[in-house]
Amino acid sequence: MNNKITAFIPYNGFSHTQTTVNNLKSSPLVDEIYVLSQGDVPIENCTPLQIDTLFSAGTLRKINDHTKTNYALFLLQDTLIEPGQFCIERFHQVAGYTGAGITYSDYHTKKGDTGMPSPVIDYQTGSVRDDFNFGPLVFLRKDALDKAVNSLNESFIYAGWYGVRLAISRDNPVLRIPEFLYTTVEVDTRKSGEKIFDYVDPKNRDVQIDMEKAFTDHLKHIGAYLEPTFNDVKDTADKFPVEASVIIPVRNRKKTIKDAVESVLKQKPDFDFNLIIVDNYSSDGTTDILKEFVKKDKRVIHIIPERTDLGIGGCWNVGVHSEHCGEYAVQLDSDDVYKDETTLQKLVDVFHNENCAMVIGSYMMTDFNLQQIPPGIIDHREWTPENGRNNALRINGLGAPRAFYTPVLRSIKIPNVSYGEDYAIGLAISRNYQIGRLYEPVYYCRRWEDNTDASLDINKMNAHNTYKDRIRTFEIHARQQKNNQ
């Protein structure tokens, strides 16, 4: 075993592969370059290596078997790589100093002749999403790779790399170098709001099954896996003014709040309900619209919080802990609408029929005018009663609309933030209670220019991903503690 690097590059017929090979070959630290392909490889200065799929267990085993050096460089995308000054040397240096099993870095993304900064985020315990962005280039320590591959499920067609990097992270540091070490070309040019639904796209179902198996195995290794046993949801002695309350936190949604409110007021359940709107100091005319609804319908409760430091989660706490809240608290965002007059009844019926503390429905993605847009219906059918709460740590959301048994929600409290609060509370509830599902669409989720995540810049997207990874970190530790007890 020598102290150099073996590089592995995917090839799908593009000319940039030859450029990448030449660029890497210029470093004296690169010992050999293998080009991974399912067909012929007309690339010079490299060795062809036939594979099935890029991220299969078989491919990772071949990478491991052909690494005769202390380190392997693995290109995760078929894209151009232009190393910066002493890029390879820097990876080699940091990995050597720290003993990191995986080292990755910030990079530039070429747009025309300009390289735009593409910072990535630090890895943490909760960075268990299968779409965690390392950038296209990772630097692997051979002994860590060897151990991880030997523990890998050989049946994985898509989750080989995911399983390997989870296994490496169990025993080794995974470190980001906060330096822009290379330049690449962006492969996926979709907006952030389009990418986030890949994991619920039916055409990706086989991929997701593979990923879930790898992740469940990881949770068992680290003591965070939960068996499918759940606490009973006990009736309390609390008295509630109505059976259900729809809660809408709102701030400056003059354009959409009327539609949201009207979709609630047209509900026709066989029980009493009200609508609690927590108006977080709107200044665009939203408050005046709400006051008109209050005059016309006694079911509308308009609350302006005493505090001025509340995010969406904090506004939810105000609504849930108010004297007006019903036994079940049901979510509606201020720019979305219920599908028809049966939505509330269908959600509450699940509580009555199942032993659950939370119910999550399904929704349809639409434009502002309620016309369906891709990816269409989001029903989260990847959820299973047996493993849903474990797999929930891997994916980036739980679905909508969300409804809660109020006593449980009051006992846990919602984080006072305006992104990820729904995911955090769903994970916390699922730790002890079953979550019920409704797989028919009962909600229209409207995509428009002011949506929270319709199209985010890289810094905002990184902030969101860092926070959700932190939520997962908290939850993994909580589940480890639960199992230890």
Seminar exercise, completed: On a heavy-atom basis, the closest approach of A357 and V233 is N-CG2, 3.7 Å
Exercise. Short question: side chain of N274, backbone of C325 - any donor-acceptor pair under 3.5 Å?
Worked result: no
Exercise. Given the side-chain rings of F230 and Y433, with only the six-membered ring counted for Trp, is the space between their centroids under 6.0 Å?
Worked result: no
Exercise. Under 3.5 Å, is there a donor-acceptor pair between the T216 and N390 side chains?
Worked result: no
Exercise. Side chain of S245, backbone of I247: donor and acceptor closer than 3.5 Å?
Worked result: no
Exercise. Would you say the side-chain atoms of S282 and T287 include a donor-acceptor pair closer than 3.5 Å?
Worked result: no
Problem set entry | Donor-acceptor contact present, side-chain N462 to main-chain I121, <3.5 Å | no
For this session: Specify whether F91 and F139 have parallel, tilted or perpendicular ring planes, treating 30° as the upper limit for parallel and 60° as the lower limit for perpendicular.
Result: parallel
Exercise. Between the side chains of H218 and R170, does any donor sit under 3.5 Å from an acceptor?
Worked result: yes
Problem set entry | Side-chain donor/acceptor of N416 to backbone N/O of L310, under 3.5 Å | no
Exercise. What class does the angle between the rings of Y328 and F351 fall in, given that below 30° is parallel, 30 to 60° is tilted and above 60° is perpendicular?
Worked result: parallel
Seminar exercise, completed: For A424 and P415 the tightest heavy-atom approach is CB-CG, 3.8 Å
Exercise. Does NZ belonging to K254 count more than 12 external heavy atoms closer than 6.0 Å?
Worked result: no
Exercise. Salt bridge check: are R176 and D106 linked by an N-O gap of less than 4.0 Å?
Worked result: yes
Problem set entry | Charged tip of K339 within 45° of Y443 ring normal and under 6.0 Å | no
Problem set entry | Donor + acceptor pair across side chains of T286, N252 (<3.5 Å) | no
For this session: Spell out, as yes or no, whether a donor-acceptor pair under 3.5 Å connects the side chain of E421 to the backbone of Y419.
Result: yes
Exercise. Counting only N and O atoms by type, is there a donor-acceptor contact under 3.5 Å from the side chain of R446 to the main-chain atoms of D335?
Worked result: yes
Exercise. How close do I471 and L427 get, heavy atom to heavy atom, and via which atoms?
Worked result: CG2-CD1, 3.8 Å
Exercise. Has K291 got more than 12 heavy atoms of other residues, nucleotides or ligands less than 6.0 Å from its NZ?
Worked result: no
For this session: Given side chain to side chain contact (heavy atoms under 4.5 Å, CB included), test D469 with R129 step by step and report yes or no.
Result: CA-CA 8 Å; D469 283 358; R129 295 172 286 120; 2.9 Å; yes
For this session: Using only heavy-atom distances, determine whether the side chains of Y423 and R472 contain a donor-acceptor pair under 3.5 Å.
Result: yes
For this session: Only counting residues at least two apart or in another chain, list the ones meeting side chain to side chain contact (heavy atoms under 4.5 Å, CB included) with F271.
Result: E243, A244, P269, F273, L344, Q345, V348
Problem set entry | Ring centres under 6.0 angstrom apart (F132, Y123) | yes
Problem set entry | Donor-acceptor pair between R394 and Q208 side chains, under 3.5 angstrom | yes
Problem set entry | S362 side-chain N/O to P441 backbone N/O, donor-acceptor pair under 3.5 Å | no
Seminar exercise, completed: CG of D367 to OH of Y444, rounded to nearest 0.5 Å, is 11.5 Å
For this session: Could you go through the salt bridge (Lys or Arg N to Asp or Glu O under 4.0 Å) check for R402 and D422 one step at a time?
Result: CA-CA 8 Å; R402 298 168 292 277; D422 50 347; 3.3 Å; yes
For this session: Return yes if some donor-acceptor pair links the side-chain N/O of Q485 with the main-chain N/O of Q480 below 3.5 Å, else return no.
Result: no
Problem set entry | Pair K296 + E292: basic N to acidic O under 4.0 Å | no
Exercise. Just checking, is any N or O donor in the side chain of N355 or D232 under 3.5 Å from an acceptor N or O on the other one?
Worked result: yes
For this session: Look at the side chain of Y162 and the backbone N and O of V128, then say whether any donor-acceptor pair between them is shorter than 3.5 Å.
Result: yes
Problem set entry | Within 6.0 angstrom of K266 NZ, more than 12 heavy atoms from elsewhere | yes
Exercise. What do you reckon, is NZ of K413 surrounded by more than 12 foreign heavy atoms closer than 6.0 Å?
Worked result: yes
Exercise. How long is the gap from CG on L76 to CZ on R165, to the nearest 0.5 Å?
Worked result: 10.0 Å
Problem set entry | Polar contact flag, side-chain donor to acceptor under 3.5 angstrom, Q124-T473 | yes
Problem set entry | T256 and D259: side chain donor to acceptor below 3.5 Å | no
Exercise. Between R389 (side chain) and S430 (backbone), is there a donor-acceptor pair under 3.5 Å?
Worked result: yes
Seminar exercise, completed: Looking only at heavy atoms, the pair that brings I312 and S418 closest together is N-OG, 3.1 Å
For this session: Answer yes or no: is there an ion pair linking R205 with E382, defined by an N-O contact shorter than 4.0 Å?
Result: no
Problem set entry | Nearest non-hydrogen partners of A392 and W383, listed with the distance | CB-CZ3, 4.1 Å
Problem set entry | Salt bridge flag under 4.0 Å for residues E262 and K258 | yes
